[in-house]
Protein chains: 2
Amino acid sequence: MTDTPSDTDNAVPDVSVMLCFSLYSAAHAFTQLYRPLLDKLGLTYPQYLVMVTLWKRDGQNVKELGRTLFLDSSTLTPLLKRLDAGGLITRTRNPKDEREVIIRLTEKGHALKTHAADVMRCIEEAVGMDAEAIQAIKASVDTIRDKIK
Amino acid sequence: MTDTPSDTDNAVPDVSVMLCFSLYSAAHAFTQLYRPLLDKLGLTYPQYLVMVTLWKRDGQNVKELGRTLFLDSSTLTPLLKRLDAGGLITRTRNPKDEREVIIRLTEKGHALKTHAADVMRCIEEAVGMDAEAIQAIKASVDTIRDKIK
DNA sequence: CTCAATTAAATCGCACACAATCCATTTGCA
DNA sequence: TGCAAATGGATTGTGTGCGATTTAATTGAG
């Protein structure tokens with residue numbers, strides 16, 4: 001029996017060497033970074049992602065939003081209800097196909113886009129890397145995500 | 001008014017160009033990849049991270065686990081209670097400092113380590129990249145996480 | 001034309017995350 | 001020594017995520 005300090009087992013990988021943990025903890029760190037900024041807009045981070053998606057293209061249904069964000073209706077429906085309750089969006093059935101629910105920005109929801117520009121600037125500043133370096137990392141991460149999806 | 005297809009606003013960034021979204025979606029993709037493998041062990045992904053940490057070094061308190069995993073007691077306490085209920089760990093106050101709760105693997109918790117090796121092999125195979133490429137990406141992601149922490 | 005298969009949302013149950021707060025123990029300084 | 005500050009966990013409340021199931025609308029094969 002070798003007596004190592006604090007019972008360390010060197011045959012077992014630490015979480016710190018696992019790529020999945022890097023992504024897990026980095027994603028959480030970003031959520032934390034966004035939180036104080038988004039608090040001012042009354043949004044959570046996933047709600048912000050939905051708003052960004054709608055600012056880009058208004059009038060999408062739940063399925064389309066889900067394809068973009070990799071989320072399904074069991075996550076989106078309650079989230080969208082909260083945005084609705086906050087007066088940022090409306091949810092109406094598509095008359096052409098009553099199965100679909102079309103999400104549309106309200107005036108208030110549209111107006112919030114102005115403040116979002118500040119948020120993005122703050123994030124860029126916090127990351128503090130040039131656009132090329134960021135895009136290179138992003139491309140690598142996307143490659144892995146698409147491989148395991 | 002330019003009439004673009006589907007009301008697309010090109011002045012707004014899509015989530016697909018945001019690094020934070022890449023990390024967010026890649027982290028979720030990993031959780032999905034792990035799920036069927038961990039289901040066989042009766043673990044969730046965060047529970048697995050705790051077990052990996054304990055397999056590496058047994059007998060840590062909640063604070064230490066939290067520092068490693070970037071989680072606090074409000075997340076860890078309920079999670080550890082579930083591992084306790086599942087017979088994988090024990091939770092006992094430190095007699096030297098009654099504020100601390102020491103987490104120790106049970107026989108059953110220790111035994112699970114054997115199966116974990118299979119899990120890791122499956123994950124590596126699914127990612128399908130050489131160790132060097134993975135470590136390069138991991139290093140970049142860690143750099144960003146540490147910058148924004 | 002009809003009814004079974006498919007599709008889109010919603011619902012339910014469980015397990016994270018995390019801010020805010022509370023409680024018990026320990027520490028440290030006046 | 002005594003007591004306020006600090007520390008480690010636990011608790012509460014809100015908001016995701018997601019598997020499994022349900023409901024309603026549409027589609028398509030016979």
Side-chain angles (χ1 to χ4, degrees), chain A residues 21 24-36 38-39 41-51 60-67 69-86 88-103 149, chain B residues 21 24-39 41-51 60-86 89 91-103 149:
Chain A
F21 178 72
Y24 167 88
S25 55
H28 286 161
F30 259 110
T31 303
Q32 294 300 93
L33 180 61
Y34 270 101
R35 191 182 303 278
L38 294 180
D39 274 351
L41 311 193
L43 293 174
T44 64
Y45 178 68
Q47 288 169 6
Y48 175 71
L49 293 178
V50 168
M51 294 301 287
Q60 298 186 61
N61 66 34
V62 177
K63 200 76 178 183
E64 290 171 316
L65 287 174
R67 259 196 298 274
L69 300 173
F70 304 106
L71 294 173
D72 70 3
S73 70
S74 59
T75 299
L76 285 173
T77 296
L79 186 155
L80 292 168
K81 280 185 179 176
R82 283 179 206 108
L83 291 178
D84 192 349
L88 299 177
I89 63 163
T90 61
R91 301 156 61 237
T92 49
R93 292 277 167 186
N94 181 355
K96 300 282 178 56
D97 186 340
E98 290 278 350
R99 288 173 303 182
E100 299 178 10
V101 168
I102 309 274
I103 309 300
K149 259 283 177 202
Chain B
F21 178 72
Y24 167 87
S25 55
H28 287 163
F30 260 109
T31 303
Q32 294 301 93
L33 179 61
Y34 270 101
R35 190 181 306 277
L37 303 171
L38 294 181
D39 274 352
L41 310 194
L43 293 175
T44 64
Y45 178 68
Q47 287 168 7
Y48 175 71
L49 292 179
V50 168
M51 293 302 287
Q60 298 187 59
N61 66 33
V62 177
K63 201 76 178 183
E64 289 171 316
L65 288 173
R67 258 196 300 274
T68 302
L69 299 174
F70 303 106
L71 295 172
D72 70 4
S73 71
S74 59
T75 299
L76 285 173
T77 298
L79 187 156
L80 292 168
K81 281 184 180 176
R82 284 186 276 273
L83 291 179
D84 192 350
I89 62 163
R91 302 154 62 236
T92 48
R93 292 278 167 183
N94 182 354
K96 300 283 179 58
D97 185 340
E98 290 279 348
R99 289 173 304 182
E100 298 178 11
V101 168
I102 308 273
I103 309 300
K149 259 285 177 201

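In this text, all values refer to a predicted model and were calculated from it rather than measured experimentally. Letters go in sequence order (proteins before strands), and every chain restarts at 1.
- The residue among A:T75 and B:K96 whose nearest nucleotide of DNA chain C lies closer to the 5′ end is A:T75.
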**OP:** Begin with the C-alpha distance, continue with both residues' side-chain angles, and end with the deciding distance and a verdict on side chain to side chain contact (heavy atoms under 4.5 Å, CB included) for A:H28 and A:Q32.
**Re:** CA-CA 6 Å; A:H28 286 161; A:Q32 294 300 93; 5.5 Å; no
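- Using modelled atom types, no side-chain atom of B:E100 and backbone atom of B:D97 make a donor-acceptor pair closer than 3.5 Å.
- Taking atom CD of A:E100 as the reference point, atom C1' of D:dA24 lies 13 Å away to the nearest angstrom.
- Between the CG atom of A:L43 and the P atom of D:dT16 there is a distance of 10 Å, given to the nearest Å.
- Rounded to whole angstrom, the span from the CG atom of A:L80 across to the P atom of D:dG17 amounts to 13 Å.
- Panel note: side chain B:S25, backbone B:F21; a donor-acceptor pair is recorded below 3.5 Å.
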Original post:
Can you check side chain to side chain contact (heavy atoms under 4.5 Å, CB included) on B:L83 and B:Q47, steps first, answer last?
Top reply: CA-CA 7 Å; B:L83 291 179; B:Q47 287 168 7; 3.9 Å; yes
Original post:
Stepwise, does the side chain to side chain contact (heavy atoms under 4.5 Å, CB included) test hold for A:T77 with A:L80?
Top reply: CA-CA 5 Å; A:T77 296; A:L80 292 168; 5.8 Å; no
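- In this structure, OH of B:Y45 is placed 16 Å from P of D:dG19, rounded to the nearest angstrom.
- Residue B:Q32 has no polar side-chain atom (N or O) positioned under 4.0 Å from OP1 or OP2 of D:dG17.
- The interatomic distance linking A:L69 (CG) with D:dC18 (P) rounds to 11 Å, in whole Å.
- A:Y24 has its ring centre less than 6.0 Å from the ring centre of B:Y45.
- When every heavy atom of A:A27 is checked against every heavy atom of B:A27, the shortest pair comes out as CB-CB, 4.2 Å.
- Contact check, B:N61 against D:dG8: no side-chain N or O comes under 4.0 Å of OP1 or OP2.
- B:I103 and B:V62 make their closest contact through CD1-CG2, 4.3 Å (heavy atoms, listed as atom of the first residue, atom of the second, distance).
- For A:D97 and D:dG28, the CG to P distance is 12 Å, given to the nearest whole Å.
- B:L76 has its CG atom 14 Å from the P atom of D:dT11, to the nearest Å.
- Two residues, A:K81 and A:Y24, neighbour DNA chain C, and the one matched to the more 5' nucleotide by heavy-atom proximity is A:K81.
- Here D:dT27 presents its C1' atom at 16 Å from CD of A:E98, a figure rounded to the nearest Å.
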Polar-atom pairs under 3.5 Å, protein N or O versus N or O of nucleotides 12-15 of chain D: list them with distances, or write none.
none

**OP:** Begin with the C-alpha distance, continue with both residues' side-chain angles, and end with the deciding distance and a verdict on side chain to side chain contact (heavy atoms under 4.5 Å, CB included) for A:R35 and A:D39.
**Re:** CA-CA 6 Å; A:R35 191 182 303 278; A:D39 274 351; 4.0 Å; yes
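- The nearest pair of heavy atoms linking A:V50 to A:L76 is CG2-CD2, 4.1 Å.
- Contacts of A:R91 with the nucleic acid, taken as non-hydrogen atoms under 4.0 Å apart, involve only primed sugar atoms and P, OP1 or OP2.
- Proximity of a side-chain donor or acceptor of A:R93 to a complementary backbone N or O of A:I102 within less than 3.5 Å is not detected.
- When DNA chain C is scanned in the 5' to 3' direction for atoms under 4.0 Å from non-hydrogen atoms of chain B, the outermost contacting nucleotides are C:dA15 to C:dT26.
- Distances shorter than 4.0 Å separate none of the side-chain N or O atoms of A:R93 from OP1 or OP2 on D:dA24.
- Each end of the helix from C:dC1-D:dG30 to C:dA30-D:dT1 yields a helix axis from five base pairs, and these two axes differ in direction by 10° (to the nearest 10 degrees).
- A donor-acceptor pair is defined here as one N or O able to donate and one able to accept, closer than 3.5 Å; no such pair exists between the side chain of A:R91 and the backbone of A:V101.
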